[in-house]
2 protein chains.
Amino acid sequence: MTKQRQVVFDVLEAIGHEHPTASEVFVQAKERMPTISLATVYNCLESLTGAGAIRQVNIEREATRYCPNLRPHAHFYCIDCDKVFDIGLESGADASAVWALPPGCRIEEMNVSMRGVCGTCPRCGSGD
Amino acid sequence: MTKQRQVVFDVLEAIGHEHPTASEVFVQAKERMPTISLATVYNCLESLTGAGAIRQVNIEREATRYCPNLRPHAHFYCIDCDKVFDIGLESGADASAVWALPPGCRIEEMNVSMRGVCGTCPRCGSGD
DNA sequence: CTCTTATTTAGAATAATTCTTGATCTAAAC
DNA sequence: GTTTAGATCAAGAATTATTCTAAATAAGAG
């Protein structure tokens, strides 16, 4: 844990509820440590995420993907075979029911993505 | 529905299971209509998404956001007050249980985001 | 056919993120 | 207290996805 990482972590502790972007973290971090650079903030955010100290809200960086499946479904990205699978809902299940939503809120769109090992592809099965 | 939109839609019907990016759609679309441009593919994907004919897998475009909350939680983006809220799990609920995951698959990370109207902020409550 | 309006095209512009390279810091060995 | 090796940092260039712009095109109404 370097000084820079500590600063970035402290900033996230302080304003994390606002779900800041890297640039927003950078602005706050610069107040506490004027010499820090944006690249360092990116590095620190990556290290802290890797260490499990913070979370990245959007795990699907890269380009936006499109999908013609209009039924409710989640996307599973296999880190092993590098493919995206559609995962359907269990019959009768409601994906939003597990979440403690505030009263009066209306969901227009929901996006569920998972990352892991699919276990079904040849590559994952054989460990190739 | 213009010819270009039809082509883009057809491409998505054909290779949608691969969850293509805009560039990948562009490559396929160009085989069917060599004059089509990348900008048009973007336009068509936007129109088709707006019309509900296809879905965008990643609703969180813009910069990645970070968050120090390590407990399982979803993110709710309010389209009205433009803020992101943490939504906790209902007590005892398991977010992955509602999804029909293939046997043997292991989830390393899960990301749930919703978009809608939160109904709790002054702006949403008053319609300001 | 002609006007109107929306769409397409190509390329420039933008914005987030990553990469590169040299500088700096840290900690252990001497 | 130096030296040295390795990790980390800083600054800016480079990359990549996406959006914007302006001119060309197409399609429908009259």
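Heavy atoms only: backbone and side chains are in, while hydrogens, waters and symmetry mates are out. Just so we're on the same page: letters track the sequence lines, and every chain starts at 1.
Non-hydrogen atoms lying under 4.0 Å from DNA chain D are contributed by nothing in residues 7-19 of chain A.
The distance from atom CD of B:Q6 to atom P of D:dA27 is 14 Å, rounded to the nearest whole Å. The nearest whole Å value for the distance from the CZ atom in B:R65 to the P atom in C:dT17 is 10 Å. For B:L38 and D:dT16, the CG to P distance is 14 Å, given to the nearest whole Å. In this structure, B:L45 places its CG atom 13 Å from C1' of D:dA17, rounding to the nearest Å. Atom C1' of nucleotide C:dT17 and atom CD of A:Q56 are separated by 11 Å, given to the nearest angstrom.
Under the side chain to side chain contact (heavy atoms under 4.5 Å, CB included) test applied with A:L12, the options A:L45, A:L48, A:V7 reduce to a single match, A:L45. Each of A:R55, A:Q56, A:E24 was checked for a side chain to side chain contact (heavy atoms under 4.5 Å, CB included) with B:R65, and the lone residue meeting it is A:E24.
For B:D10, the side chain to side chain contact (heavy atoms under 4.5 Å, CB included) partners are B:Q6, B:R32, not counting sequence neighbours.
Considering only heavy atoms from C-beta on, A:Y66 stays 4.5 Å or farther from B:V57 through its side chain.
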>> Could you go through A:M110 and B:V112, starting from their C-alpha distance and side-chain angles, then the distance that decides it, and tell me whether this counts as side chain to side chain contact (heavy atoms under 4.5 Å, CB included)?
In response: CA-CA 7 Å; A:M110 184 166 180; B:V112 178; 3.8 Å; yes
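One finds a side-chain N or O of B:Y42 lying less than 4.0 angstrom from the OP1 or OP2 phosphate oxygen of D:dT18.
A side-chain N or O of A:D86 and one of B:H19 form a donor-acceptor pair less than 3.5 Å apart.
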> Which nucleotides of nucleotides 5-12 of chain D have their base under 4.0 Å from a protein heavy atom (B), which only their sugar-phosphate (S), and which neither (-), written as one string 5' to 3'?
Replying inline: ---SSBBB
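Counting non-hydrogen atoms of other residues, nucleotides and ligands closer than 6.0 Å to CD of B:E90 gives a total above 12.
Contact between A:C44 and A:R5 at its shortest, heavy atoms only, is SG-CG, 3.6 Å.
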